Amino acid sequence: MSRPDTAVALVTGASKGIGAAIAQALAADGWAVAVNYRSDEEGAQRTVEAIEAGGGKAVALHGDVANGAPAELFRQAEEQLGAPVLALVNNAGVTADGLAIQMDDDAWDRVLQTNLTAAFRMTRGAMRPMIKARYGRVINVASVVGPRANAGQANYAAAKAGLIGLTKTVSHEVARRGITVNAVAPGFIETDMTKDLLTDVVKAIPARRAGQPEEVAAAVRFLASDDAAYVTGTTLFVDGGMSA
Ligand code: NAP
């Protein structure tokens, strides 16, 4: 089954970085895009303007996925873009690094809440319209951290490994309904999240360079496309070879 003519994608955390690039890549592929943000309204507006400048359709939607009600985000996306959300990209993510021995409960809870629990709730909220349409795409932005270790990120690694487990299991639950559920696992990508990290990290990347948000977005664009209709439950690593 191919994508309906009027189809809406919702990208969480699309005010900057990887999420902004994903929103633009999906818009270039014909999706109307709901650009979710938490605090950076100007960034979300810039994403919307870039999409509109390219002839696409988008709206900025405020909402803290770690606290808010996903139902409200889906409702607003449908109301403002005129069709139900048939592609959900769970991209919003945070870090709160520290060695496990020193990590307090707040740092653990914040990262798990945003990077894993919110993705579960958003996925649950997305399912009914997708089942009704017999078409859907859920793409979770995981990380190379989780499948592999990274000292100082026990919370982040647990959340991202959990996200991959969530991806696999939900993919089985909905595969026969025309819905695919996949993950992308970026390596070291140049965004605000990584701007304070040592450039030494690059030496450990086989490609010997950081990735760009657009390179992750291209993978998401493929997984959201009709070409990827038979790809589900998988994790596509976009990491310059780090995980190989
Ligand atoms: P970023 O530049 O720091 O952007 C993070 C985005 O997430 C922002 O748009 C932020 O919104 C949003 N966000 C955070 N908490 C939110 C919440 N509770 N509700 C709604 N939005 C929220 O990060 P990035 O590097 O683009 O990362 C995007 C995703 O890729 C994350 O899941 C991250 O874990 C993953 N990733 C990144 C890398 C990397 O090297 N950069 C590697 C692997 C995986 P506001 O700015 O509006 O607050």
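Since this is a predicted model, take the numbers as computed values, not measurements. Sequence positions, counted from 1, serve as the residue numbers for this chain. Order of listing sets the numbers, starting from 1, for every ligand and every atom in it.
Heavy-atom separations between G63 and ligand 1 include at least one value shorter than 4.0 Å. Residue V141 places a heavy atom under 4.0 Å from ligand 1. Note on ligand 1: K160 sits in its first shell, one or more heavy atoms being nearer than 4.0 Å.
Listed by number with element, the atoms of ligand 1 under 4.0 angstrom from any heavy atom of I189 are 39 (C), 40 (O), 41 (N). Counting atoms of ligand 1 from 1 in the listed order, those under 4.0 Å from a heavy atom of F188 are 40 (O). Heavy-atom proximity to S15, at under 4.0 Å, picks out these atoms of ligand 1: 8 (C), 9 (O), 11 (O), 45 (P), 46 (O), 47 (O). Applying the 4.0 Å criterion to heavy atoms of D192 picks out, from ligand 1, the atoms 2 (O). Contact atoms of ligand 1 toward A66: 18 (N) (distance under 4.0 Å to a heavy atom of the residue). Residue-ligand proximity, D64 to ligand 1, at heavy-atom distances under 4.0 Å covers atoms 17 (C), 18 (N), 19 (N).
Counting heavy atoms under 4.0 Å from ligand 1, residue T194 touches it through the side chain alone. Here A142 has backbone heavy atoms under 4.0 Å from ligand 1, and that is the only part of it that gets that close. Contacts between N36 and ligand 1, counted as non-hydrogen atom pairs separated by less than 4.0 Å, involve the side chain only.
With R137 contributing its side chain and L88 its backbone, the two residues share no donor-acceptor pair below 3.5 Å. N182 places no side-chain N or O within donor-acceptor distance of the main-chain N or O of T167, the cut-off being under 3.5 Å. A donor-acceptor contact shorter than 3.5 Å is absent between the side chain of T169 and the backbone of L166. Between the side chain of D104 and the main chain of A107, a donor-acceptor pair closer than 3.5 Å is present. Side chain of D226 to backbone of R3: a donor-acceptor contact under 3.5 angstrom is found. Distance alone, capped at 3.5 Å, places no donor-acceptor pair between the T114 side chain and the G93 backbone.
Looking at ligand 1, you won't find any N or O of T114 less than 3.5 Å from one of its N or O atoms. Taking only nitrogen or oxygen atoms, main chain and side chain alike, Y37 does not reach within less than 3.5 Å of ligand 1. Polar contact check, V94 against ligand 1: no nitrogen or oxygen pair lies under 3.5 Å apart. Polar contact with ligand 1: present for V65 (N/O pair, distance under 3.5 Å). Any N or O atom pair closer than 3.5 Å counts here, and I18 shares at least one such pair with ligand 1. Residue-to-ligand polar distances place S39 within reach of ligand 1: an N/O pair is separated by less than 3.5 Å.
Residue E42 places its CD atom among 12 or fewer non-hydrogen atoms of other residues, nucleotides or ligands, all under 6.0 Å distant. The 12-atom threshold is not exceeded at CZ of R176, counting heavy atoms of other residues, nucleotides or ligands nearer than 6.0 Å. Under a cut-off of 6.0 angstrom, the local environment of CZ in R128 is sparse, with at most 12 non-hydrogen atoms contributed by other residues, nucleotides or ligands. Other residues, nucleotides and ligands contribute over 12 non-hydrogen atoms within 6.0 Å of the CG atom of D192.
We find that R221 and D29 are joined by a salt bridge, their nearest charged nitrogen and carboxylate oxygen being less than 4.0 Å apart. A salt bridge between R46 and E41 is absent, with no side-chain N of the basic residue lying under 4.0 Å from a carboxylate O of the acidic one.
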Side chain to side chain contact (heavy atoms under 4.5 Å, CB included) between N115 and K160, worked out: CA-CA 7 Å; N115 298 12; K160 295 298 189 182; 4.0 Å; yes
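At the shortest separation from atom 5 (C) of ligand 1 among protein heavy atoms lies G93 O, 3.9 Å. The protein non-hydrogen atom at the shortest distance from atom 25 (O) of ligand 1 is T191 OG1, 2.5 Å. Nearest protein neighbour of atom 31 (C) of ligand 1, counting heavy atoms only, is N91 O, 3.2 Å. Given atom 46 (O) of ligand 1, the protein heavy atom at minimum distance is K16 NZ, 2.5 Å. Closest to atom 34 (O) of ligand 1 among all protein heavy atoms lies Y156 OH, 2.5 Å. The closest protein non-hydrogen atom to atom 15 (N) of ligand 1 is R38 NH1, 3.3 Å. Among protein heavy atoms, the minimum distance from atom 13 (N) of ligand 1 is reached at A92 CB, 3.8 Å. When hydrogens are left out, the protein atom nearest atom 12 (C) of ligand 1 is G13 CA, 3.4 Å; that is the closest non-hydrogen contact.
Within the set M242, E190, M193, the minimum heavy-atom distance to atom 23 (O) of ligand 1 is found for M193. When G211, G187, A159, S143 are ranked by how near their heavy atoms come to atom 38 (C) of ligand 1, first place goes to G187.
You'll find the side chain of T12 stays beyond 4.5 Å of the side chain of V89, heavy atoms only. By the 4.5 Å heavy-atom criterion applied to side chains, I189 and T194 are not counted as neighbours.
No donor-acceptor contact under 3.5 angstrom links the side chains of Y37 and D64, judged on distance only.
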